[in-house]
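The chains referred to below are lettered A, B, ... by the order of the sequence lines, with proteins before strands, and numbering in each begins at 1.
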There are 2 protein chains.
Amino acid sequence: MNLSDVIESYIKQMMVETQNEVLEIKRSMLAERFKCVPSQINYVIATRFIPELGFYVESRRGGGGCLRICKVNLEEQEYITNILDKMGSKLSQSVADVYLQNLLGYNIIDSRTVKLIKSAISDKSLENVSILDKDKVRADIFKCMVINCL
Amino acid sequence: MNLSDVIESYIKQMMVETQNEVLEIKRSMLAERFKCVPSQINYVIATRFIPELGFYVESRRGGGGCLRICKVNLEEQEYITNILDKMGSKLSQSVADVYLQNLLGYNIIDSRTVKLIKSAISDKSLENVSILDKDKVRADIFKCMVINCL
DNA sequence: TATAATAATAGTCAAAGAAAGTCAAAGTTA
DNA sequence: TAACTTTGACTTTCTTTGACTATTATTATA
């Protein structure tokens, strides 16, 4: 676990604890707490709190400003259509991981299915696909599997 | 025993000791420990930790990156090793179907897994793979998935 | 009171850093 | 000599950092 992962879990934990789908928190507080530069928080938000997974982040600057991280609780099927809608025609392994870990967290898929999907879209599986097309093929496989099986 | 063999045993030993079928380790640590270049670790992985031998390896680059070596229990799954042995490097959809029906018949995999695998190796999934490589990629995906669904 | 200055936030973007991956050449061994 | 192993230069990916910018609230001033 690198620092970004730690910050991600912390924020998610906070959201669970406050039992609320909106978390208001100061970026500077997070940066302080994790001894990092404030912009690292933006990186975490940008890579992990994404609309595909029902997260919407707003913010206010100036005195008393803060981040507002909102989690929209969707129905199982909505998460899936949401991901399919927003995901585009390319998919990297790391973004796929983010999707799958979250779906697992929401109990929309089980860990065995995660394993199967990850195997199917792994670089090992795609070693004979041109580097230029890998993320495209990965997206195709991911979509097919999700559409047919979830 | 050459160095690659030593590294191979070391990794396997580690997996036994951690009593876990997943080992997370830094490539740079291994290279350091065995005083070799990091890419030698890739060589060991590529030649000894392959799906046919029941291994699945993931990795993450960047800060905090590492290798994740997963072991699947293939020993008592003779039927699968048989199929993988015979399979060769190419696989058509129809031959895949035959294999899958057999695996289903022997209760080695369930029908949902069959569906997942079929989706992953469907022509729809592989529409962006050159016609020349389709059956090759299909074989790669099939191997990875069959091993990982155990 | 209206406006200007200051402080307190957060945002952006690119560079630096920290891993791992690739590939081919050189070396070894059976 | 063919197959396997070792090496290293170069590439790609992901994370961390920091300088600079933008916005908002508060305080001071005309």
Next item on the list: Decide yes or no on salt bridge (charged side-chain N to carboxylate O under 4.0 Å, His left out) for A/Lys143 and A/Asp140, but give the supporting numbers first.
Entry: CA-CA 5 Å; A/Lys143 280 183 194 164; A/Asp140 294 337; 5.4 Å; no

Margin query: Assess the residue pair A/Ser94 and B/Arg61 against the criterion (side-chain hydrogen bond (donor to acceptor under 3.5 Å, both in side chains)); give the C-alpha distance rounded to whole Å, side-chain angles, the decisive distance to 0.1 Å, and a yes or no.
Written below: CA-CA 10 Å; A/Ser94 51; B/Arg61 304 188 191 188; over 6 Å; no

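With rounding to the nearest 0.5 Å, the separation of CZ in B/Phe34 from CD in B/Gln40 is 10.0 Å.
Atom P of nucleotide C/dG21 and atom CD of B/Glu58 are separated by 12 Å, given to the nearest angstrom.
Within the structure, a side-chain polar atom (N or O) of B/Lys26 is placed less than 4.0 Å from OP1 or OP2 of C/dA19. The side chain of B/Ser59 contributes no N or O atom lying less than 4.0 Å from OP1 or OP2 of C/dA19.
Relative ring orientation between B/Phe49 and B/Phe55 is described as perpendicular, the plane-to-plane angle rising above 60° on a 0-90° scale split at 30° and 60°.
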Collect all protein-nucleotide pairs involving nucleotides 25-28 of chain C in which both atoms are nitrogen or oxygen and the distance is under 3.5 Å.
none

Which atoms of nucleotides 9-18 of chain D (N or O only) lie under 3.5 Å from a protein N or O atom, and what are those distances?
| residue | atom | partner | partner atom | Å |
| --- | --- | --- | --- | --- |
| D/dT12 | O2 | B/Arg61 | NH1 | 2.5 |
| D/dT13 | O4' | B/Arg61 | NH1 | 3.3 |
| D/dC14 | OP1 | A/Ser94 | OG | 2.5 |
| D/dT15 | OP1 | A/Asn2 | ND2 | 3.4 |
| D/dT15 | OP1 | A/Arg48 | NH2 | 3.2 |
| D/dT15 | OP1 | B/Arg60 | NH2 | 2.9 |
| D/dT15 | OP2 | A/Tyr43 | OH | 2.1 |
| D/dT15 | O5' | A/Tyr43 | OH | 3.1 |
| D/dT16 | OP1 | A/Leu3 | N | 3.0 |
| D/dT16 | OP2 | A/Ser4 | N | 3.1 |
| D/dT16 | OP2 | A/Ser4 | OG | 2.5 |
| D/dT16 | OP2 | A/Gln40 | NE2 | 2.3 |
| D/dT16 | O5' | A/Gln40 | NE2 | 3.2 |
| D/dG18 | N7 | A/Ser39 | OG | 3.3 |
| D/dG18 | O6 | A/Ser39 | OG | 2.5 |

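Salt bridge annotation for B/Glu21-B/Lys71: absent, with no cationic side-chain nitrogen under 4.0 angstrom from a carboxylate oxygen.
Note on B/Ile83 and B/Tyr56: separate hydrophobic clusters, where clusters join Ile, Leu, Val, Met, Phe, Trp and Tyr whose side-chain heavy atoms are under 4.5 Å apart, directly or indirectly.
At a cut-off of 3.5 Å, with distance as the only test, no side-chain donor of B/Glu58 or A/Ser122 sits close to an acceptor on the other residue. For the 3.5 Å distance criterion, the side chains of B/Asp123 and B/Gln93 qualify, holding a donor opposite an acceptor.
Using a 4.0 Å heavy-atom criterion, one finds that B/Ile41 contacts no nucleic acid atom at all.
If you check residues 114-123 of chain A against DNA chain C, you find no residue with a heavy atom closer than 4.0 Å.
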